[in-house]
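The structure presented is a predicted model; accordingly, all values stated were derived computationally and were not measured.
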Amino acid sequence: MTVRVVLADDQTVVRAGFQALLDLTDDLVVVAEAADGTQAVEAVRLTRPDVVLMDIRMPGVDGIEATRRIAADRTLDGVRVVMLTTYQVDAYVFEALRHGAAGFLLKDIEPDGLRAAIRTVAAGQSLLAPAVTRSVVEEFARLKAPETAGAERLAVLTDREREVMALVAAGLSNEEIGRELIMSPLTAKTHVSRAMTKLGTRDRAQLVVLAYETGLVRAGER
C-alpha cells in the first residue's frame, strides 16, 4: 500500500528535508505541501491523504486550528494528523490532541523512525507508546479542572468500558489491559473501540485526553 502524505510547515527547509527522506521510500509519497494552516486544510481537502505531518506553530492559521478543521470535516474521517514539534512536552501538543491529532513527533526524529511512524498511523494504529501520550496529557491536565459535566458525559459507557478507558489513560496497552482485567487483548480492544464510538473520539489519544478532562482519572493517579 502506498501511503499518501501532506507536509505542512512554514519552514521551507523543514519541508524539503522531510520530502527528501520520504522520496527514498517506495511506499511513502508526498502529495502536497503547505506553508500554513489554511493551505494545509485546502491541500487535505484536495488530495485526501492518509497522513498529514503538521507543524504546530505556523503563521496565520496554526497547526492546532488546521487540525480542528480537518477533524470536524466528516468527509476527512480517514485522514490522520501527526503534529510536529521541537519540544517533547509542549502545551500546544495537548491542545492538538484535544482537537483530533493522532499523536506527535519531534522534528529531530531519525529517518527510520519517521517512516515507521507514518506507516503506523496510516494503518490506523496508535502512533505513540501509551505512556508517552499519557505523560503529555497529564502534564497539562494538572493545570485544568475536570469538566463539571464529566459524569453525565461518561454515562453512555458501561462500567467495564469506563474501567477500560481509565486503564487506557493510565498508559496501558490492549495486552496490558487484558492481563489487568483477565480478558483477551482483542476483547480489550473491542471495549476501547466501543468507548471511542460512544464518546465521539477519533482515536486513543483523544480518549486519554477525555479521561482526564472528565475527571475519570486525575493527574498522578494510576
Side-chain angles (χ1 to χ4, degrees), residues 1-73 75-129 132-133 135-137 139-140 202-203 205-206 209:
M1 181 184 73
T2 299
V3 179
R4 295 158 49 81
V5 181
V6 166
L7 299 176
D9 196 295
D10 62 311
Q11 297 183 40
T12 304
V13 67
V14 173
R15 297 199 308 273
F18 280 119
Q19 172 83 63
L21 289 175
L22 299 184
D23 281 347
L24 299 174
T25 311
D26 292 339
D27 63 330
L28 304 177
V29 57
V30 176
V31 295
E33 295 185 23
D36 59 42
T38 300
Q39 291 181 15
V41 175
E42 291 174 351
V44 169
R45 287 174 175 160
L46 180 65
T47 63
R48 295 294 199 278
D50 301 296
V51 177
V52 183
L53 296 182
M54 181 88 74
D55 186 24
I56 288 183
R57 295 181 175 91
M58 291 186 288
V61 174
D62 63 14
I64 297 174
E65 175 59 19
T67 298
R68 188 195 67 77
R69 294 180 186 181
I70 292 170
D73 189 335
T75 67
L76 302 176
D77 278 350
V79 178
R80 307 271 285 173
V81 179
V82 178
M83 307 308 298
L84 298 173
T85 181
T86 307
Y87 308 101
Q88 186 166 3
V89 178
D90 189 325
Y92 289 98
V93 169
F94 177 67
E95 288 302 313
L97 293 173
R98 289 184 68 239
H99 289 296
F104 72 98
L105 293 174
L106 298 178
K107 287 188 178 182
D108 61 358
I109 187 173
E110 294 295 323
D112 287 345
L114 174 66
R115 298 183 188 107
I118 293 173
R119 294 186 185 108
T120 297
V121 170
Q125 301 174 23
S126 177
L127 170 61
L128 301 168
V132 176
T133 303
S135 68
V136 174
V137 174
E139 178 70 20
F140 296 98
R202 284 169 61 94
D203 52 42
Q206 275 200 303
V209 171

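- Listed by first and then second residue, the side chain to side chain donor-acceptor pair (under 3.5 Å) pairs involving residues 28-38 are Arg15-Glu33 (not counting sequence neighbours).
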Hey, mind stepping through Ile118 and Leu22 against side-chain contact (heavy atoms from CB on, under 4.5 Å) and telling me if it holds?
CA-CA 10 Å; Ile118 293 173; Leu22 299 184; 3.7 Å; yes
Going by atom type alone, with no hydrogens or angles, which donor-acceptor pairs under 3.5 Å involve a side-chain atom of residues 48-56 and a protein atom two or more places apart or on another chain?
unit_1 : atom_1 : unit_2 : atom_2 : d
Arg48  : NH1    : Arg45  : O      : 2.4
Asp50  : OD2    : Arg4   : N      : 2.7
Asp55  : OD1    : Lys107 : NZ     : 3.2

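- The side chain to side chain donor-acceptor pair (under 3.5 Å) test applied to Glu65 returns Arg68, Arg69, not counting sequence neighbours.
- When the side-chain contact (heavy atoms from CB on, under 4.5 Å) test is applied to Ile109, the partners found at least two apart in sequence or on another chain are Leu105, Leu114.
- For Asp203, the salt bridge (charged side-chain N to carboxylate O under 4.0 Å, His left out) criterion is met by Arg80, not counting sequence neighbours.
- Separating the CE atom in Met83 from the CZ atom in Arg57 is a distance of 10.0 Å, to the nearest 0.5 Å.
- For Asp112, the side chain to side chain donor-acceptor pair (under 3.5 Å) partners at least two apart in sequence or on another chain are Arg115.
- Using a 4.5 Å cut-off on side-chain heavy atoms (C-beta onward), Leu84 and Phe18 make contact.
- The nearest pair of heavy atoms linking Gly100 to Gln206 is N-NE2, 3.4 Å.
- Qualifying salt bridge (charged side-chain N to carboxylate O under 4.0 Å, His left out) partners for Asp26, counting only residues two or more places apart in sequence or in other chains: none.
- Residues passing the side chain to side chain donor-acceptor pair (under 3.5 Å) test with Gln19, sequence neighbours excluded: Asp23.
- Across all non-hydrogen atoms, the minimal contact from Ala43 to Val6 is CB-CG1, 4.3 Å.
- Closest non-hydrogen pair, Thr25 versus Asp27, comes out as CG2-OD1, 2.9 Å.
- The minimum heavy-atom distance between Val3 and Ala122, with the atom names listed, is CG1-CB, 3.7 Å.
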Tell me, with the steps shown, if Thr85 and Leu106 meet side-chain contact (heavy atoms from CB on, under 4.5 Å).
CA-CA 5 Å; Thr85 181; Leu106 298 178; 4.0 Å; yes
